[in-house]
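Nothing fancy with the numbering, it's 1 onward along the sequence.
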Amino acid sequence: KLILLDSLLQERQKEDIIVMEAIPESDLVRVSGKILCCECGTPIDPNPANLCVACLRTQVDITEGIPKQVTIQFCRFCDRYLQPPQMWITAALESRELMALCLKKLKGLARVKLIDASFLWTEPHSKRLKIKLQIQAEVVGGAILQQTFVVEYTVAYQMCPDCHRTEAKDHWNCLVQVRQRTKQRKTLFFLEQLLIKYNATKDCVGIKPNHEGLDFFFATESKGKTLVEFLQSMIPIKYGHSKKLISHDVNSNTYNYKYTFSVEVVPVCKDNVVALPRQLAHQLGGISQIVVVNKVHQVLHLIDANTCQFVEVNPTTYYKSPFLPLNRFSELVEYTVMNIEPITSKDRNTFSGQGKVSHKHVLADCWVTKSSELGVNEDTTHCRTFMGAILDIGDTVMGLDLRNSNVNNPDLELMSADKIPDVILVKKMYADKTFRNRRRRWRLKRMEGLPHVDTESCNNEYVGFMEDIEEDPFMRQHVNLYKDKTKMPVDEDDEDDAGLPQITLAEMLDDLEIGEDATGKEGAAMDD
């Protein structure tokens, strides 16, 4: 019996050990108790205030101190909003800039935490803006309360100072006068396209044409200075600065000035033949005094037709030793190439101290005759040219006939006759102008306020400028080219345009025209 009783006790102890085993923490489930709201008796989760959300909102308003009706000022002449104290900014409807402007108008917003903000739709003509705000704030007993509300903004019209001065005909404080004292317009045409592409006149309050250039009017001196710096980075210029006192307030010690920038563009254009002063030619590496202007950008790119030597003349160097062109492009004579022989590097004349020689161009001996004398005069004129890579027998080339021309140039008169070539070849003519105009499927934009092509000579220069764009890829980088939808498509495999420089469709832009739909056709009329 004792043995049986002992075994029963051992089994009972084993059962107690199994019951007393610890439960893992992961298996535990926390059960939170409910409490009653001290105001309405609704069962709620415990919180520091012991109040339900509805009762807490009736006792505490975290939007107190934040205005629900706000007025913002808008100038309908320039579509800008007033950002206090005196700044006017451009902001589209429902944009981030407009949201930032509206939130800055709320004075008590710094005391709470902003969670979200979004625009609510309003009628565009209602002059109302509505913003839905979601904020958080700490209330009684450390409880966090979140609340959503709507702020309504009234748009009030107010004329900005710039528009006010424009309406009062006293709209400019800075004048930029751009002048090029020459009868040629190629550089001004290029300047016009630069201003269009880079939108450099966006701050202009007026543009006035002049017979030698343009006048740009600005509201502040800094905006006029910005245009001058842009011109300085694109074309060779020099400028002067002056100011004129308009009024002076003795009590507040304030002055009112009008500023003027006088910008003078170098009076030399692309494809001009120039005669350098002897001392300047010596300083530029012993280059010949008679050179061709190959390109006009931030500096003048000159090339010697006898040696293919090239130099870059900056505006500072030019105005220390100025020189003038010997011709206009309309004064060049058309020649036909009768024979051409490239000159190898070993046959060129070199000397110590010689400047850089262009490897892009090919020096060649060329025999030409005037196209007007073909079949009449069998005599040919020998000259050297830097266009040996693109010229061939039978090609047409434009050149300056120095032997039979009457040029009044002091630097040319001081040169000995044996150093003056008979003919200077300037530019190859790829095809007839009429044929090239017919093949041209692109166009350029013109700027409002600029003088348009109104004379035959100016029209010819503009056509020549378009030909330069087709032949010079570097120039096309700074010009916006637009597809001309008025031109009929032509056969691209025509043999007549072999070697003719053309602009690909990838380089052209589609111009937006009002009245077209997404398909490029005329849109449907709007219903009343």
Side-chain angles (χ1 to χ4, degrees), residues 70-91 97-98 100-101 104-105 107 155-181 188 191-192 194-195 198-267 315-316 319-320 447-451:
V70 185
T71 302
I72 60 175
Q73 286 72 33
F74 175 73
C75 179
R76 53 183 172 181
F77 294 94
C78 59
D79 294 339
R80 293 189 297 176
Y81 293 89
L82 174 62
Q83 181 176 345
Q86 296 179 349
M87 183 180 295
W88 291 81
I89 62 172
T90 303
E97 293 80 8
L98 185 57
L101 175 64
K104 288 180 181 178
K105 297 285 287 187
K107 296 182 180 179
V155 180
Y157 289 146
Q158 178 180 337
M159 187 179 293
C160 67
D162 295 338
C163 296
H164 190 277
R165 295 178 61 185
T166 302
E167 293 297 321
K169 305 302 180 183
D170 183 25
H171 58 283
W172 65 274
N173 264 342
C174 181
L175 169 62
V176 179
Q177 298 176 330
V178 181
R179 299 289 184 268
Q180 186 181 28
R181 308 192 185 282
L188 291 182
L191 173 61
E192 177 188 8
L194 288 174
L195 297 177
Y198 296 103
N199 197 18
T201 58
K202 60 182 179 180
D203 297 323
C204 244
V205 297
I207 302 177
K208 182 180 179 181
N210 190 282
H211 68 284
E212 289 183 342
L214 300 166
D215 292 338
F216 300 91
F217 299 91
F218 295 91
T220 60
E221 181 191 10
S222 60
K223 293 178 180 178
K225 179 68 174 177
T226 302
L227 177 63
V228 174
E229 292 176 351
F230 170 77
L231 297 178
Q232 200 171 16
S233 65
M234 289 296 177
I235 56 177
I237 64 168
K238 75 170 183 177
Y239 72 92
H241 177 259
S242 64
K243 60 182 180 179
K244 179 182 178 181
L245 179 64
I246 303 301
S247 61
H248 169 45
D249 189 351
V250 180
N251 297 325
S252 61
N253 198 27
T254 57
Y255 297 83
N256 182 20
Y257 288 101
K258 282 197 172 182
Y259 303 90
T260 302
F261 289 93
S262 179
V263 179
E264 185 175 351
V265 185
V266 171
T316 305
Y319 283 106
K320 284 183 179 179
M447 183 181 295
E448 295 182 2
L450 297 184

_Interatomic spacing from OG1 in T201 to CZ in F216 - rounded to 0.5 Å_ = 7.0 Å
*Could you give all pairs that pass the salt bridge (Lys or Arg N to Asp or Glu O under 4.0 Å) test and reach residues 245-256, with sequence neighbours left out?*
none
*Partner set under side-chain contact (heavy atoms from CB on, under 4.5 Å) for N253, not counting sequence neighbours*: H248, Y255
*With a 4.5 Å heavy-atom cut-off, do I237 and E264 have their side chains touching?*
no
*Search all heavy atoms of A156 against all heavy atoms of T71 and return the closest pair with its distance.*
CB-CG2, 3.8 Å
Identify every side-chain donor-acceptor pair in residues 225-232 under 3.5 Å, counting partners at least two apart or on other chains, and give the distances.
unit_1 : atom_1 : unit_2 : atom_2 : d
K225   : NZ     : Y239   : OH     : 2.8
T226   : OG1    : S222   : O      : 2.9

_So which atom in G224 and which in F218 form the shortest heavy-atom distance, rounded to 0.1 Å?_
CA-CD1, 3.7 Å
*Assess whether side-chain contact (heavy atoms from CB on, under 4.5 Å) is satisfied between Y198 and M234, documenting all intermediate values.*
CA-CA 11 Å; Y198 296 103; M234 289 296 177; 3.8 Å; yes
*Evaluation steps, side-chain contact (heavy atoms from CB on, under 4.5 Å), between N256 and N173*: CA-CA 9 Å; N256 182 20; N173 264 342; 4.1 Å; yes
_Atom of Q73, atom of W88 and distance for their closest heavy-atom approach_ = O-CZ3, 4.3 Å
*Residue pair K223 / C204, side-chain heavy-atom distance below 4.5 Å*: no
*Does a side-chain heavy-atom distance below 4.5 Å link Q177 with T260?*
yes
*asked:* If the condition is side-chain contact (heavy atoms from CB on, under 4.5 Å), which residues does Q83 pass it with, not counting sequence neighbours?
replied: M87, I89, L101, K104
_Please evaluate residues I72 and Y81 with respect to the criterion side-chain contact (heavy atoms from CB on, under 4.5 Å), reporting the C-alpha separation (whole Å), side-chain torsions for both, the decisive distance (0.1 Å), and the verdict._
CA-CA 7 Å; I72 60 175; Y81 293 89; 4.0 Å; yes
_Partner residues of E221 under the side chain to side chain donor-acceptor pair (under 3.5 Å) criterion, sequence neighbours left out_ = H241
*Taking only residues two or more places apart in sequence, or in another chain, which ones meet Y319 in a side chain to side chain donor-acceptor pair (under 3.5 Å)?*
none
_Are the side chains of C174 and F261 in contact, using a 4.5 Å heavy-atom criterion?_
yes
*Atom CG of L194 and atom CG of N199: how far apart are they, to the nearest 0.5 Å?*
12.5 Å
*Excluding sequence neighbours, so at least two apart, what forms salt bridge (charged side-chain N to carboxylate O under 4.0 Å, His left out) with D215?*
R179
*What residues, two or more places apart in sequence or in another chain, satisfy salt bridge (charged side-chain N to carboxylate O under 4.0 Å, His left out) together with R76?*
none
*asked:* For E97, give me all partners under salt bridge (charged side-chain N to carboxylate O under 4.0 Å, His left out), at least two apart in sequence or on another chain.
replied: none
*Partners of K243 by side-chain contact (heavy atoms from CB on, under 4.5 Å), sequence neighbours excluded?*
Y257, Y259
*How many angstroms lie between atom CG of L195 and atom NZ of K202, to the nearest 0.5 angstrom?*
13.0 Å
_Expected output: side-chain Q180 to main-chain V266 donor-acceptor under 3.5 Å_ = yes
*Heavy atoms only: give me the nearest C75-C163 pair and the separation to one decimal.*
SG-SG, 3.7 Å
*Verdict with reasoning, D79 to T90, per side-chain contact (heavy atoms from CB on, under 4.5 Å)*: CA-CA 7 Å; D79 294 339; T90 303; 5.8 Å; no
_Non-hydrogen side-chain atoms of V265 and I235 separated by less than 4.5 Å_ = yes
*Listed by chain and number, what are the side chain to side chain donor-acceptor pair (under 3.5 Å) partners of Q158, not counting sequence neighbours?*
none
*Within-4.5 Å side-chain heavy-atom neighbours: C160 and C78*: yes
